[in-house]
Visitor: 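Sharing a structure below in structure tokens format, with a few things to ask.
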Amino acid sequence: MSKKMLLIKHNTENGAGLGKYYRERGWLVELVSSIAEVNALIVDGDWSPHVILANLGLSDGKILDHLEELQSHVNFSEWIFIVENADPTDLDRVGELAYDFLQKPFEQKRLDVLVARAYRAARCSQQLENYSSSSKKQYQINAYLGSSEPVQELKTMLRELTNVEISAIVINGETGTGKGLVARILHYASDLRKGGPLVEMNCAGLPRELMESEMFGHEAGAFTGAKSRHHGYMEQADGGTLFMDEIGDMPMDLQAKLLKAIEDKKIRRVGGEREIPFDAQIIAASGIDLKKACEKDEFRKDLYHRLSVFCLSLPPLRARKNDLVELVPNIIAEYNKKSRKRVTVIPDDIWKELMNYDWLGNIRELRNVIERCVLLSTDETLPRRWLQLRDYCSPTQETLAEERSSEEAYRQVNGNNRVTIPLDGSMSLEEMDKHIIRSALEQNNFNVTETARSIGTTRETLRYRIQKYDLKAAN
Ligand SMILES: Nc1ncnc2c1ncn2[C@@H]1O[C@H](COP(=O)(O)OP(=O)(O)OP(=O)(O)O)[C@@H](O)[C@H]1O
Ligand SMILES: [Mg+2]
């Protein structure tokens with residue numbers, strides 16, 4: 001991307017030297033000398049430069065009188081003024097509205113440093129704006145696909161919840177039902193909240209000490225390894241939304257600290273004395289039923305009551321299979337675009353399989369199956385051989401043979417990175433977890449970084465699990 005500069009000088013002859021100087025250094029420079037020309041470029045012409053270098057007075061008026069109006073047309077541009085014998089009130093206005101100013105005479109080097117810094121600032125705000133406007137578009141209520149009855153009810157509730165100030169919401173749902181998606185919709189689709197930050201914190205697998213300092217932050221020297229001050233998730237979420245995923249995994253004593261922070265609207269960093277104000281909407285998600293966890297004394301009742309101002313329960317896909325008709329084409333279109341494929345045909349036998357399957361991994365599982373099929377498609381038909389929905393029907397010799405050749409081909413594409421787990425009740429969930437992690441470690445020669453990448457988790461979570469299951473010695 002080229003660096004763009006608008007040079008606004010008393011007269012163009014004066015500015016020609018500076019224009020040439022920056023053009024030779026790779027800038028795209030427009031040189032103007034009147035407010036009418038500035039308007040033509042950035043108001044009528046929609047041109048938005050990264051840096052605007054300007055003199056205060058021009059032949060047809062003072063640019064300061066038009067600055068706020070101009071700034072609304074060029075959100076990302078950073079203004080630098082070059083001033084000479086300026087009126088003190090004008091200088092105050094410049095200080096208030098511009099990125100910076102330089103008094104004449106100045107050294108070219110000083111201007112270069114200022115221009116480079118202004119360019120970085122402009123790029124940064126442009127990227128942030130792009131990111132948040134694409135998030136705003138991406139996470140509107142209709143991003144939650146489906147029109148079955150439970151989904152319609154959910155969307156009605158989402159519409160209401162995005163219009164009111166609500167201090168806390170609990171989202172319950174099986175894995176892959178869209179808890180993360182709904183949390184983002186609650187933030188970005190709300191005019192009340194989308195201007196503030198959305199900070200996401202995953203409580204799963206974090207060792208207690210780390211979780212505390214991630215949540216509340218810490219001061220330098222608070223514990224061994226705390227080299228500098230750290231602003232925790234709660235502090236970062238102030239004025240916006242804190243999304244606490246897998247909150248059921250939070251140790252009881254931290255739950256008590258969280259409750260106190262929410263009630264007092266204040267937090268204290270680990271090792272810190274000062275109380276810092278905290279005001280954010282909290283969205284807590286959990287794959288386990290928190291109410292039942294409270295009954296078993298595995299989750300604090302007082303915290304649950306504080307958080308469950310409103311509870312959203314997300315329906316599993318098997319309870320709304322008709323939504324597949326909307327979900328499947330949408331997901332295919334997304335992967336067609338990503339992988340430049342052209343799948344448009346879904347044969348009847350595939351629809352039958354999709355409809356008969358139970359989708360225990362919900363939309364995430366559906367997305368994975370479709371991604372695999374689209375990636376490995378060779379024409380416009382969704383290939384049945386990559387569907388591999390195993391528990392749909394008892395396999396015949398024919399389908400077994402087809403599966404074997406499919407697996408062989410899949411292995412050739414993806415390497416030997418599969419784990420087989422019996423789904424006959426002989427293995428507990430925890431044993432499955434251990435088995436998956438041990439197999440992934442073995443397949444990656446116990447390289448933690450590679451293993452974490454292969455199972456889509458973080459190194460911290462993986463290390464926690466390795467310790468928990470004592471998997472270090474390749475047992
Ligand atoms: N109704 C939906 N419409 C479109 N996409 C969906 C829907 N529900 C979920 N998804 C997509 O499915 C994937 C899994 O959803 P998400 O991560 O939000 O689930 P989750 O409930 O947080 O799962 P987990 O408990 O495993 O973290 C995401 O890519 C999400 O965008
Ligand atoms: Mg999630």
Side-chain angles (χ1 to χ4, degrees), residues 134-159 161-162 169-189 198-206 233 241-250 282-290 293 299 311-339 354 357-375 429 432-433 436-437 455-458 461 465:
S134 73
S135 298
K136 279 171 206 158
K137 269 187 225 136
Q138 199 178 346
Y139 298 120
Q140 290 308 301
I141 291 171
N142 285 341
Y144 192 92
L145 297 175
S147 38
S148 56
E149 209 174 301
V151 170
Q152 281 185 29
E153 274 172 28
L154 178 72
K155 286 186 183 175
T156 308
M157 276 192 267
L158 288 178
R159 237 165 252 124
L161 288 173
T162 47
I169 297 171
V170 168
I171 309 175
N172 255 141
E174 292 177 8
T175 181
T177 45
K179 298 184 291 296
L181 175 64
V182 166
R184 281 168 217 130
I185 291 174
L186 283 169
H187 178 82
Y188 287 112
L198 167 65
V199 176
E200 303 192 16
M201 151 170 198
N202 193 326
C203 306
L206 277 185
Y233 288 125
T241 302
L242 176 63
F243 172 37
M244 308 188 90
D245 207 358
E246 303 294 356
I247 197 161
D249 283 14
M250 184 179 286
I282 297 194
I283 302 179
S286 171
I288 57 161
D289 185 338
L290 290 177
F299 197 81
C311 283
L312 284 173
S313 217
L314 305 190
L317 185 51
R318 66 183 169 282
R320 55 182 191 103
K321 283 192 191 163
N322 283 343
D323 283 340
L324 282 166
V325 178
E326 194 173 327
L327 283 157
V328 172
N330 261 285
I331 302 172
I332 290 179
E334 181 190 327
Y335 285 112
N336 268 343
K337 200 166 158 199
K338 273 192 193 151
S339 54
L354 295 173
Y357 188 60
D358 264 350
W359 299 109
L360 295 183
N362 294 293
I363 322 276
R364 179 175 298 109
E365 185 183 8
L366 175 68
R367 286 179 62 86
N368 290 345
V369 166
I370 295 195
E371 179 184 11
R372 178 173 65 227
C373 289
V374 172
L375 280 181
L429 208 55
M432 289 182 195
D433 193 28
I436 291 168
I437 290 168
I455 54 176
T457 188
T458 61
T461 305
R465 293 281 209 279

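Below, all heavy atoms of this structure are taken into account, side chains as well, without hydrogens, waters or symmetry copies. These numbers were taken from a predicted model, which means no experiment stands behind them. In listed order, ligands and their atoms are each counted from 1.
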Visitor: Could you verify whether a donor N or O on one side chain and an acceptor N or O on the other, from Thr177 and Asn362, lie under 3.5 Å apart?
Guide: no
Visitor: Measure from atom 8 (N) of ligand 1 to every heavy atom in Ile363, Ile171, Asn368, Ile288 and give the option owning the shortest one.
Guide: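 Looking at heavy atoms only, Ile363 sits closest to atom 8 (N) of ligand 1.
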Visitor: Taking only non-hydrogen atoms of Gln138, do any sit less than 4.0 angstrom from ligand 1?
Guide: no
Visitor: Heavy atom to atom 31 (O) of ligand 1, shortest distance: which of Asp245, Asn142, Leu181 holds it?
Guide: Leu181
Visitor: Within a radius of less than 6.0 Å around CD of Glu149, do more than 12 heavy atoms belonging to other residues, nucleotides or ligands occur?
Guide: no
Visitor: At their closest point, which heavy atom of Arg318 faces which heavy atom of Trp359, and how far apart are they?
Guide: NH1-O, 4.5 Å
Visitor: When you measure from atom 19 (O) of ligand 1 to each heavy atom in Ser286, Gly361, Gly178, which option holds the nearest one?
Guide: Gly178
Visitor: In a check of side-chain contact (heavy atoms from CB on, under 4.5 Å) between His187 and each of Val182, Leu198, Leu242, which one passes?
Guide: Leu198
Visitor: Starting from atom 13 (C) of ligand 1, find the nearest protein heavy-atom neighbour and note its residue, name and distance.
Guide: Arg367 CD, 3.8 Å
Visitor: Within ligand 1, which atoms have a heavy atom of Glu174 less than 4.0 Å away?
Guide: 21 (O)
Visitor: Would you confirm whether Asn202, through its side chain, and Met244, through its main-chain N or O, come within 3.5 Å as a donor-acceptor pair?
Guide: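 Pair absent, no side-chain N/O of Asn202 close to backbone of Met244.
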Visitor: Provide, to 0.1 Å, the distance between atom 25 (O) of ligand 1 and the closest protein heavy atom, together with that atom's residue and name.
Guide: Lys179 NZ, 2.6 Å
Visitor: Identify, for atom 22 (O) of ligand 1, the protein heavy atom at the shortest distance, and state residue, atom and that distance.
Guide: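 In this structure, atom 22 (O) of ligand 1 has Gly180 N, 3.1 Å as its nearest protein heavy atom.
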Visitor: Write out the residue and atom name of the closest protein heavy atom to atom 17 (O) of ligand 1, then the distance separating them to 0.1 Å.
Guide: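 Minimum-distance protein heavy atom for atom 17 (O) of ligand 1 reads Arg364 NH2, 3.0 Å.
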Visitor: Give a yes/no on ligand 1: does Ala143 have at least one heavy atom closer than 4.0 angstrom to it?
Guide: yes
Visitor: To the nearest 0.5 Å, how far apart are OG in Ser313 and CD in Glu153?
Guide: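 It is 11.5 Å, given to the nearest 0.5 Å.
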Visitor: Just which atoms of ligand 1 are under 4.0 Å from any heavy atom in Tyr144?
Guide: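 Those qualifying, in numeric order: 1 (N), 3 (N).
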Visitor: Decide yes or no on side-chain hydrogen bond (donor to acceptor under 3.5 Å, both in side chains) for Asp323 and Ser148, but give the supporting numbers first.
Guide: CA-CA 6 Å; Asp323 283 340; Ser148 56; 2.6 Å; yes
Visitor: Among all protein heavy atoms, pick the one closest to atom 2 (C) of ligand 1 and tell me residue, atom and distance.
Guide: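 For this ligand atom, the closest protein heavy atom is Leu145 N, 3.5 Å.
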Visitor: Does even one non-hydrogen atom of Gly176 get within less than 4.0 Å of ligand 1?
Guide: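 Yes.
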Visitor: Are any non-hydrogen side-chain atoms of Tyr357 and Lys321 less than 4.5 angstrom apart?
Guide: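 In short, these two side chains do not touch, never coming nearer than 4.5 Å.
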Visitor: What residue and heavy atom of the protein are closest to atom 26 (O) of ligand 1, and at what distance?
Guide: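 The closest heavy atom on the protein side is Thr175 OG1, 2.5 Å.
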